[in-house]
**Student:** 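For reference, the structure I am asking about is given below.
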Amino acid sequence: MIMNNSQVKFLDSPTEGYLLVENFLSTQECQILLDKISEYRKQFSVPKIHRYTKPIPLSYSVIDGLVVQSHFPQLQSLYQKVNTFINQYTNYPLFTLDSIQAGCNVNITEKGGSYRWHYDRNAVTALLFLNEVEGGEIEFYPNYRITLQSGKFSQIQSWIDQIQQYPLIRSWFGQKVVVEPKPGLLLVMCGDKCLHSVRQVTGSSDRINIVMTYDIPHASYAVEKPLNSYLYTSETVSASDPNYSSSHDPLKKF
Ligand SMILES: O=C(O)CCC(=O)C(=O)O
Ligand SMILES: [Fe+2]
């Protein structure tokens, strides 16, 4: 296993924000998982999600955590193994999410697909890439977000996040990192602080990766239900961004 940034002591310290680990799984181990995923896709349909966000749409397919739990026992143990691994690099212990659906997913991004700019609801997200593709690079800005202590899911937070997303603001104030998927590469980031998106997949093979999410014990999220429908189902959803809920707007206290 090669640690690119072996200097990292604490992934969640203000100076770090992410960790990149090559060969977390071997190419053969990745191939076994890819074969299982492909077998599953032959038998069952996987929801396709298309949300017309600008400038990068959310356009991908996802095997959510409920399906992972019932059909992919090997991913359940991987989710635990990565948990133990990342806890070596955090200031406080992290845990798998209470929400099974959002905990451990398989993202499948076909040719033309992409993943919009966003922050995650949870503190730390690990992305394990299973294959190499054309396009589909993840671009992120470690510890970039200005977070309101009073409400991570509030309307004011949404405004701050929108302003910080402008390309000019990103290039002035952010440290851009671009990672190309390759088999066995593990990217761990403070997902609720790192602005991130996935560029369009341009080649014909699907981009397939495992998304594993962690947080403090029993973390709960104001936006849980609408965000799950938005991310994991093809249902029509409200036009407003489900990452934010106006009922948790600190301004509403006044
Ligand atoms: O698929 C990826 O590489 C990123 C996915 C992501 O950011 C997420 O699921 O929150
Ligand atoms: Fe994310």
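Atoms within each ligand, like the ligands themselves, are counted from 1 in listed order. The figures here come from the full heavy-atom set of this structure, side chains too, leaving out hydrogens, waters and symmetry mates.
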**Student:** Taking a hydrophobic cluster as the set of Ile, Leu, Val, Met, Phe, Trp and Tyr residues connected by side-chain heavy atoms closer than 4.5 Å, whether directly or through intermediates, do Val201 and Val46 fall within one such cluster?
**Tutor:**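 No.
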
**Student:** Tell me whether Ile210 shares a hydrophobic cluster with Tyr40, the cluster being built from Ile, Leu, Val, Met, Phe, Trp, Tyr side chains joined at under 4.5 Å.
**Tutor:** yes

**Student:** With no hydrogens and no angle check, do the side chains of Asn105 and Tyr232 hold a donor and an acceptor under 3.5 Å apart?
**Tutor:**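 Present: a donor and an acceptor within the cut-off.
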
**Student:** Looking at His118, which of its N, O or S atoms is the nearest one to the Fe ion (ligand 2)?
**Tutor:**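 Per the distance ranking, His118 contributes NE2 as its closest N/O/S atom to the Fe ion (ligand 2).
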
**Student:** Give the residue, atom name and distance (to 0.1 Å) of the protein heavy atom nearest atom 5 (C) of ligand 1.
**Tutor:**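 Checking every protein heavy atom, the shortest distance to atom 5 (C) of ligand 1 gives Asn107 ND2, 3.4 Å.
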
**Student:** Between Arg116, Arg207, His196, Glu137, which one has a non-hydrogen atom sitting closest to atom 7 (O) of ligand 1?
**Tutor:**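 Nearest option to atom 7 (O) of ligand 1, by heavy atoms: His196.
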
**Student:** Please report which non-hydrogen protein atom sits nearest to atom 10 (O) of ligand 1, along with the residue it belongs to and the distance in Å to one decimal place.
**Tutor:**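 Scanning the protein heavy atoms, the shortest distance from atom 10 (O) of ligand 1 goes to Asp120 OD1, 3.0 Å.
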
**Student:** Restricting to N, O or S, what is the name of the atom of Asp120 that lies nearest the Fe ion (ligand 2)?
**Tutor:** OD1

**Student:** Check Asn209 against ligand 1 and report side chain, backbone, both or neither, counting heavy atoms closer than 4.0 Å.
**Tutor:**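 The answer is the side chain.
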
**Student:** Do you see a donor-acceptor pair shorter than 3.5 Å between the side chains of Thr125 and Asp120?
**Tutor:** yes

**Student:** What residue and atom, counting heavy atoms only, is the protein's closest point to atom 4 (C) of ligand 1, and at what distance?
**Tutor:**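 Its nearest protein heavy-atom neighbour is Val198 CG2, 3.7 Å.
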
**Student:** Between Tyr18 and Asn143, do the side chains contain a donor N or O and an acceptor N or O under 3.5 Å apart?
**Tutor:** no

**Student:** Please check if atom CD in Gln80 has more than 12 non-hydrogen atoms from other residues, nucleotides or ligands closer than 6.0 Å.
**Tutor:** yes

